[in-house]
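To keep things clear, I will list the structure first and then write my remarks on it.
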Amino acid sequence: MTPTALGTVRHDWTLPEVMSVMTLPLMDLLYHAQRVHRENHEPNTVQMSTLLSIKTGACPEDCAYCPQSVRYDTGLEREELMEVAAVRERALRAREAGATRFCMGAAYRSPKSKELRVIAQMVREVSALGLETCATLGMLTPEQACELKDAGLDYYNHNLDTSPEFYGQIITTRTYQDRLDTLEAVRAADIKVCCGGILGMGESADDRARLLMTLANLPQHPESVPINQLVQVPGTPLDGAAPVDPLDFVRTIAAARLMMPRAHVRLSAGRQGMSDELQALCFLAGANSIFYGEKLLTTGNPDVDRDRSLLARLGLRPESSPGTRNEETAA
Ligand code: SAM
Ligand code: DTB
Ligand code: SF4
């Protein structure tokens, strides 16, 4: 593949092609990633999403990375589904702090219809504040996806997490195909897709390439691609896993940028342990979205002051939300 061909929208990536991108000399990889980034996105802007765990812990699934699984003793206090008014209040605070998207996460395998009705109301209220809405609630049926769409949901987050080949070593309680089915239901309901994975779970370079290949070869690229670095939580099976080489993390972001040129690539979990300089390299590699606010779902994230100072040091500015919503936010 010639370097100039990099950055076209394609859905037919082969593993040797992805590997050839990921193993380019780092400066060439960064150069092309930044070039393609600028062809497709406003430079020097970062989309800011705030997360809230609306139902915490006691999840029946066995995801080996997750502090919220009922199977691992992580000392996490479980919390029932929050009240709609309390979620609205948190969304208001996130908007005041400068977030433009509010993502509600629940520790479910899949939501029950009674729960979904409450969450749909949360989506309505958050949307009325002029924020983009996102939810991550586990597996959805096509009908449930339509119910969320009717409530005004903009994005649904459902990660593939890793390659199809490595997946079985991380999760046994749902299949890769289950995840693909939920993504299809979300697409069919005309909700934007947020889908990515986690690095640092003991996967190989091949697995990282296969994760990106699976994402890029979906019928339509996800609008948002979160690349998480594993947050190691004592009590989970993956606590103590060998950390990913930071430059391999940067390479994965750059390859995501080149393979899904129009997507927002989110530098997601794991920023708390990263230097400003490593984060700068991730932005240079094409990341243009972050989670913003002291907490992810149950673990820490850089505080707002640190992120404001990081953006100022790098000359980055928050991306404004689409359409007229921006005026509402500024009001
Ligand atoms: N229960 C729902 C599900 O799994 O689809 C939604 C919430 S779940 C916490 C959302 C995503 O968070 C997971 O798919 C995983 O990619 C990410 N995640 C969870 N724990 C993590 C950790 N310790 N480090 C990095 N990412 C993590
Ligand atoms: C995603 O890709 N990362 C976020 C969000 N989507 C839901 C979650 C990160 C969770 C990190 C561990 C925790 O805080 O519990
Ligand atoms: Fe449950 Fe989601 Fe955590 Fe898996 S990642 S254990 S499904 S909350």
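Just so you know, ligand 1 is whichever comes first in the structure, and atom 1 is the first atom listed for that ligand. Everything quoted here is computed from the prediction, not taken from an experiment.
- The closest non-hydrogen atom to atom 4 (Fe) of ligand 3, taken over Cys63, Gly57, Ser53, comes from Cys63.
- No N or O atom of Arg179 sits closer than 3.5 Å to an N or O atom of ligand 1.
- Residue side and main chain included, Cys59 places an N/O/S atom under 2.8 Å of atom 1 (Fe) of ligand 3.
- A cation-pi arrangement, defined by a distance under 6.0 Å to the six-membered ring centre and an angle within 45 degrees of its axis, is absent between Arg271 and Phe291.
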Could you tell me, for ligand 2, which of its N or O atoms are under 3.5 Å from any protein N or O, listing the pairs and their distances rounded to 0.1 Å?
from	atom 1	to	atom 2	distance (Å)
ligand 2	2 (O)	Asn159	ND2	2.9
ligand 2	2 (O)	Asn228	ND2	2.8
ligand 2	3 (N)	Asn228	OD1	3.0
ligand 2	6 (N)	Asn157	OD1	3.2
ligand 2	14 (O)	Leu297	N	3.0
ligand 2	14 (O)	Thr298	N	2.8
ligand 2	14 (O)	Thr299	N	2.9
ligand 2	14 (O)	Thr299	OG1	2.8
ligand 2	15 (O)	Thr298	N	3.2
ligand 2	15 (O)	Thr298	OG1	2.7

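- Among all non-hydrogen protein atoms, the one lying nearest atom 7 (S) of ligand 3 is Arg174 NH2, 3.0 Å.
- Between Tyr65 and ligand 1, at least one pair of N/O atoms sits closer than 3.5 Å.
- The shortest N or O to N or O distance between Val231 and ligand 1 is below 3.5 Å.
- Polar contact check, Cys66 against ligand 1: no nitrogen or oxygen pair lies under 3.5 Å apart.
- Summary of contacts: the protein heavy atom closest to atom 3 (Fe) of ligand 3 is Cys66 SG, 2.3 Å.
- Within ligand 3, the atoms closer than 4.0 Å to a non-hydrogen atom of Tyr65 are 5 (S), numbered from 1 in the order shown.
- When only interatomic distances are considered, the shortest N/O to N/O separation between Asn159 and ligand 1 falls below 3.5 Å.
- Near Leu297, the atoms of ligand 1 lying under 4.0 angstrom from a non-hydrogen atom of the residue are 9 (C).
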